[in-house]
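Remember, it's 1-based here, ligands and their atoms both numbered in the order they're listed. In this chain, numbering begins with 1 at the start of the sequence shown.
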Amino acid sequence: MLRALIFDVDGTLAETEDLHRQAFNRAFAELGLPWRWDEALYADLLAVMGGKERLAHYIDTEHPAEAEALHARAPEIHASKTRAYGDLVARNGLPLRPGIARLIAEARAAGIRLAVATTTSRPNVDRLLAANFPPDVAPFDVIAAGDEASRKKPAPDVFLLALAGLEIPASEAVAFEDSAAGISSARAAGLPVLATRSRYTESHRLDGAFSAVSDLGEPDRPHRHLAGVEWP
Ligand code: XBP
Ligand code: MG
């Protein structure tokens, strides 16, 4: 019996990754680092899950001579990036992908519980939800994010954390993911996975997903705040 839906965030709930890329570039500029991650480079760097880990990988591979000093600054750089991401979402909005709002509303109406299992930092999840749901609506029963999991995707940790929070077995839930690493993570947690590729995962193999769709339903009216939705 299906009792819960567990959603990945970046690329699944919303097309967020290019906003992350822009936020990294703003942080580099703010901190006087002569770096700029273009779309092609960021697509390669996304092989590393986790913004902190992605930044560390970039330092080690592109700036090995200054790695020690740059690693010491990494927390400051990532904190600046997270602030910049929040500012970009607040200024520009960040619409949910097609069908997500409908699926969430229908699941709640049917008494199916909802969770998030994401590699991204918790403040980024909160900002995405604030940009799309009325303040009095908390659509997700459980949010498992970022460093709460001891290992990032493709390890199963964050999905196991979400299942523990829901207090249900993997056999009674379905996971939604956009990336190969995310599918691997959910499968390692024993979850069936419905995959939907996003802008930066168009080339990903979706092995392990029981099905793949281009998106999760009819396009919601663009930039509609969901205040008008009857939230059960
Ligand atoms: C995607 C990620 C995240 C974001 C950046 O997570 O790998 O690291 O790219 O966010 P998911 P942070 O697809 O699991 O939602 O800089 O906060 O890590
Ligand atoms: Mg994702």
So is Y200 touching ligand 1 or not, going by heavy atoms under 4.0 Å? no
Do L88 and Y85 come close enough that some side-chain heavy atom pair is under 4.5 Å? no
Carboxylate-amine/guanidinium contact D215 R97, below 4.0 Å: no
Do any N/O atoms on G50 end up under 3.5 angstrom from N/O atoms on ligand 1? yes
Any atom of ligand 1 sitting under 4.0 Å from a heavy atom of H78? yes
Kindly indicate, with the supporting measurements, whether the criterion ring pair (Phe, Tyr, Trp, His ring centres under 6.0 Å) is fulfilled by F24 and W35. CA-CA 9 Å; F24 273 112; W35 306 341; 10.0 Å; no
Does a donor on one side chain and an acceptor on the other come within less than 3.5 Å for H204 and D178? no
Joint cluster assignment, M49 & V193, ILVMFWY side-chain distance < 4.5 Å: no
For atom 10 (O) of ligand 1, which protein heavy atom lies nearest, and how many Å away is it? T120 OG1, 2.8 Å
So, 4.0 Å and heavy atoms of S179: is ligand 1 close enough to count as a contact? no
Under 4.0 Å between heavy atoms, the region of Y42 that gets near ligand 1 turns out to be side chain
Just wondering, do R199 and E39 contact through their side chains at under 4.5 Å, heavy atoms? yes
Give yes if a backbone or side-chain nitrogen or oxygen of N124 is under 3.5 Å from a nitrogen or oxygen of ligand 1, and no if not. yes
Find out whether L163 and L191 are in side-chain contact, i.e. whether some heavy atom of one side chain is under 4.5 Å from a heavy atom of the other. yes
May I ask you to decide if the ring planes of F176 and F7 are parallel, tilted or perpendicular, using 30° and 60° as cut-offs? parallel
Got the closest protein heavy atom to atom 15 (O) of ligand 1, with its distance? T118 OG1, 2.6 Å
Spacing of NZ belonging to K153 relative to CG belonging to D10, to within rounding of 0.5 Å: 8.0 Å
Atoms of ligand 1, numbered as shown, that sit under 4.0 Å from any heavy atom of H20: 4 (C), 5 (C), 10 (O)
Measure from the Mg ion (ligand 2) to every N/O/S atom of D8 and report the name of the nearest one. OD2
Which N, O or S atom name in D178 marks its closest approach to the Mg ion (ligand 2)? OD1
One pair to check against side chain to side chain donor-acceptor pair (under 3.5 Å): D18 and Y200. What are the steps and the verdict? CA-CA 8 Å; D18 208 56; Y200 275 102; 2.5 Å; yes
The closest protein heavy-atom partner of atom 17 (O) of ligand 1 is S121 OG, 2.6 Å
Checking a contact table here: which protein heavy atom is nearest atom 7 (O) of ligand 1, and how many Å away? R54 NH2, 2.9 Å
of all protein heavy atoms, closest to atom 3 (C) of ligand 1 is D10 OD2, 3.8 Å
N124 side chain reached by K81 side chain, heavy atoms, under 4.5 Å: yes
Could you tell me whether a side-chain N or O of S80 sits under 3.5 Å from a main-chain N or O of E76, the two making a donor and an acceptor? no
Please could you name the atoms of ligand 1 that V9 approaches to less than 4.0 Å, counting only its heavy atoms? 15 (O)
Please state which protein non-hydrogen atom is closest to atom 18 (O) of ligand 1 and give its distance, to 0.1 Å? G51 N, 2.7 Å
Proximal heteroatom of D10 relative to the Mg ion (ligand 2) (N/O/S): O
Looking only at protein heavy atoms, identify the closest one to atom 11 (P) of ligand 1 and say how far it is in Å. D8 OD1, 2.9 Å
Examine ligand 1 and decide if any of its atoms is less than 4.0 Å from a heavy atom belonging to K81. yes
